Structures are given as structure tokens and as C-alpha cells.
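Hydrogens, waters and symmetry mates are skipped; everything else that's a heavy atom, side chains included, is used. As the structure is a prediction and not an experimental result, all values here were calculated from the model.
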Amino acid sequence: MQRVLKCLMLLICLASTSFTRAAEPIVISFGITPQQSPTELAKLWGPICQYLSKRTGYQVQFKTSKDLQTFWTDTGDGVFDFIYINPPRYVNAHATPGYSAIAKDGDSPLVSIIVVRKDGPKSVEELQGKKLAVHNLIALAALMAQAHLQEKGIDITMTAVSSHDSVYRTVEKGLYPAGASILRIFGMYDPATQAQFRVLWKSDPLPPFAYAAHPRVSLKVIDRIQRAMLEMDGNPEGRALLAALNIKAIVAAKDSDYDVMRKMKLKLE
């Protein structure tokens, strides 16, 4: 009888352990390109990850890296299950380690800009020999602004100031005559802040930032995450979260949406 009871207790413990493991939520890491400080990114993207967790039943965790170079390395190493990434870097991430686009920012093409104070330079020619504040020396906005200025024969020195927010702060304080950023982030600021600046130059629009999944993620998980993102603009809470990022909606995407980037062959480093 004691042997029977011990066997029953063992079976109950094993069943309980199996149930507990089965009930544990699937943990998903969502890597966000560090365009802003980690604190600011967490304020903006943490609630979105929480929203996706509620909508999918998975445990979606906000992740980023200490800087862009580390993020590109982490992405190349496949550290994140999902990523939010700019179009040319998505092309790289698709090649290695195989991330595939599942969604993109709707009505939000990527546009690089050069901003100055409202009372600052009136033309890009006035930037000759000056310093340009940039988020990071390898940031896409910085590289596109530099390429445009070089095409016009304008020599500038790019100076990294750690984040897009720092670009605007240093330009507003007069520490730099101009800065490179992207139009979507500029649109995140309130009208009073925007009024302190003037956009001196805009690039031609590129495809929006991509949301992409690592090949190890199951199709079931991808489908559930994708549906939750695509439905955000139809939900009051979801719309408010997107509005904070100056994004109207997230729409479906596929890898071929970024073929235009492959044809451009941008030199990112």
C-alpha cells in the first residue's frame, strides 16, 4: 500500500510539474532600434509590448541595445525574436540571420531631415565647414544627410550626441547649427517644440521601418503577434500607443517591399 501511495504521489507531482510548465507563457523578445535613450524607448515601447502581451497571451518583452553598433551586432547574432528596424538594416538582417518582414509602419515612410533653429541657417550652403549633430555616426539619418551635403559639395563634420532627442536639444541651445534626424521623430514633439525649428532639407521617402521575425519563431506565434499589431489602430488603447510614436497604423508587410533598398545599395558603414 505504501508503494502504491508513493507511486501515486510521484505521478501527481509529475503531472503538476507538467501542467505548470505547460501553463508558462511563451516569452518573446522584441528588439527596438535605439534611436532614443533606453529610458525614453522603454516609456514608448514598453506599453506596446504590454499591449501585445495582453492581446496574444505571450510574454512580450521590450529589448534594445546600448547603442546602434551593438544593436546591429545583436541583430546579426539573432538575439531578438522580433525586431523593429530601419529599411536598409532590415535588408542586412534578412540576409543574415534571416529575419522576415511581417509588418511595417503604415503611412510613415522613412524621411531623413536636416533641422535648424527657426532663426538658424536659411540654406544648406550655409552649413559649409560647420558641425552637424547626429544621433550616431552610423545612423541612417546621419549617413543620408551627409551624402546629400557631399553631393552639393558641402563639407561638414558629423558629431554624435547619443540620441535624436539630444540632436534637437543641442540644436535648440545653439551648440550646433544643424542636426540630422527623421521626420517621424520630429513629428512626435508637441507643436510648441516643433515651432522652435525649421526643416532645412528632406530626403526622398524610403520604405517604412520594418517589424520582422527571426526564423526560429513559429508561424503560430508570428501570426498571433502580427494580427495583434495590425489591429492596434482599430482599438482605442492601441491607437493611443501608436500616436505617441507618430504612427497612424501598422500594416502587413513582406520581404519584397524592401527590394527598393536592395537596388539602392546604400553604404551603411
Q: Begin from the C-alpha positions of Gln35 and Ile182 and carry the test side-chain contact (heavy atoms from CB on, under 4.5 Å) through to its verdict.
A: CA-CA 10 Å; Gln35 296 176 299; Ile182 62 175; 3.3 Å; yes

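- Using a distance-only test at 3.5 Å, with no hydrogens or angles considered, a donor-acceptor pair links the side chain of Arg198 to the main chain of Gly120.
- Annotation: ring-ring contact (aromatic ring centres under 6.0 Å, His included) contacts of Tyr176 (sequence neighbours excluded): none.
- A salt bridge (Lys or Arg N to Asp or Glu O under 4.0 Å) check over residues 222-233, counting only residues at least two apart or in different chains, returns the pairs Asp223-Arg227.
- In terms of heavy-atom proximity, Pro87 sits nearest to Pro207 at CG-O, 3.2 Å.
- Panel note: side chain Thr170, backbone Val167; a donor-acceptor pair is recorded below 3.5 Å.
- Judged as a ring pair (Phe, Tyr, Trp, His ring centres under 6.0 Å), the pairs with a partner in residues 95-144 (not counting sequence neighbours) are, in order, Tyr99-His214, His135-His164.
- Between Gln59 and Ile28 there is no side-chain heavy-atom pair separated by less than 4.5 Å.
- Within the 4.5 Å cutoff, side-chain heavy atoms of Tyr258 are placed close to those of Lys104.
- A donor atom on one side chain and an acceptor atom on the other are not found under 3.5 Å apart for Thr70 and Thr73.
- Using a 4.5 Å heavy-atom threshold, the side chains of Val60 and Tyr51 count as separate.
- Among residue pairs with one or both ends in residues 103-129, none qualify as ring pair (Phe, Tyr, Trp, His ring centres under 6.0 Å); sequence neighbours excluded.
- With sequence neighbours excluded, the residues forming a ring-ring contact (aromatic ring centres under 6.0 Å, His included) with Tyr84 are Trp45, Phe209, Tyr211, listed by chain and number.
- Applying the side chain to side chain donor-acceptor pair (under 3.5 Å) rule to Thr96 yields no partners; only residues at least two apart in sequence or on another chain are considered.
- Across all their heavy atoms, Ala93 and Thr75 have their closest contact at CB-CG2, 3.7 Å.
- Phe62 is linked by a ring-ring contact (aromatic ring centres under 6.0 Å, His included) to nothing, counting only residues two or more places apart in sequence or in another chain.
- Taking Tyr168 as the reference, Phe186, Tyr189, Phe197 meet the ring-ring contact (aromatic ring centres under 6.0 Å, His included) condition, with sequence neighbours excluded.
- Cluster annotation: Val79 is connected to Leu68 through the hydrophobic network of ILVMFWY side chains, with a link wherever side-chain heavy atoms come within less than 4.5 Å.
- Pairs engaging residues 246-256 under the salt bridge (Lys or Arg N to Asp or Glu O under 4.0 Å) rule: Lys254-Asp257, Asp255-Arg262 [sequence neighbours left out].
- Shown here for Leu41 and Thr33, the closest heavy-atom pair between the two residues is CD1-O, 3.8 Å.
- Other residues, nucleotides and ligands contribute only 12 or fewer heavy atoms inside 6.0 Å of the NZ atom of Lys220.
- With a 4.5 Å cut-off on side-chain heavy atoms, Asn92 and Tyr90 do not count as touching.
- Atom OH of Tyr58 sits about 11.5 Å away from atom OG of Ser53, to the nearest 0.5 Å.
- In this structure, the side chains of Ile48 and Leu245 come closer than 4.5 Å at one or more pairs of heavy atoms.
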Expected list for residues 136-155: side-chain donor-acceptor pairs under 3.5 angstrom, two or more places apart:
| unit_1 | atom_1 | unit_2 | atom_2 | d |
| --- | --- | --- | --- | --- |
| Asn136 | OD1 | Ile138 | N | 3.0 |
| His148 | ND1 | Trp201 | NE1 | 3.3 |
| His148 | NE2 | Trp201 | NE1 | 3.3 |

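- For the pair Thr159/Leu132, no side-chain contact is recorded, criterion being any heavy-atom separation below 4.5 Å from C-beta on.
- Among residues at least two apart or in separate chains, there is no salt bridge (Lys or Arg N to Asp or Glu O under 4.0 Å) pair with a member in residues 168-181.
- Counting only distance, with no hydrogens or angles, the side chain of Asp105 and the backbone of Ile247 share no donor-acceptor pair below 3.5 Å.
- Applying the salt bridge (Lys or Arg N to Asp or Glu O under 4.0 Å) test to every pair with at least one member in residues 50-61, sequence neighbours left out, gives these pairs: Lys54-Glu237.
- Remark: the backbone N or O of Gln36 is not paired with any side-chain donor or acceptor of Ser163 at under 3.5 angstrom.
- The line from CD1 of Ile113 to NZ of Lys202 is 8.0 Å long, rounded to the nearest 0.5 Å.
- For the 3.5 Å distance criterion, the side chains of Thr193 and Asp190 qualify, holding a donor opposite an acceptor.
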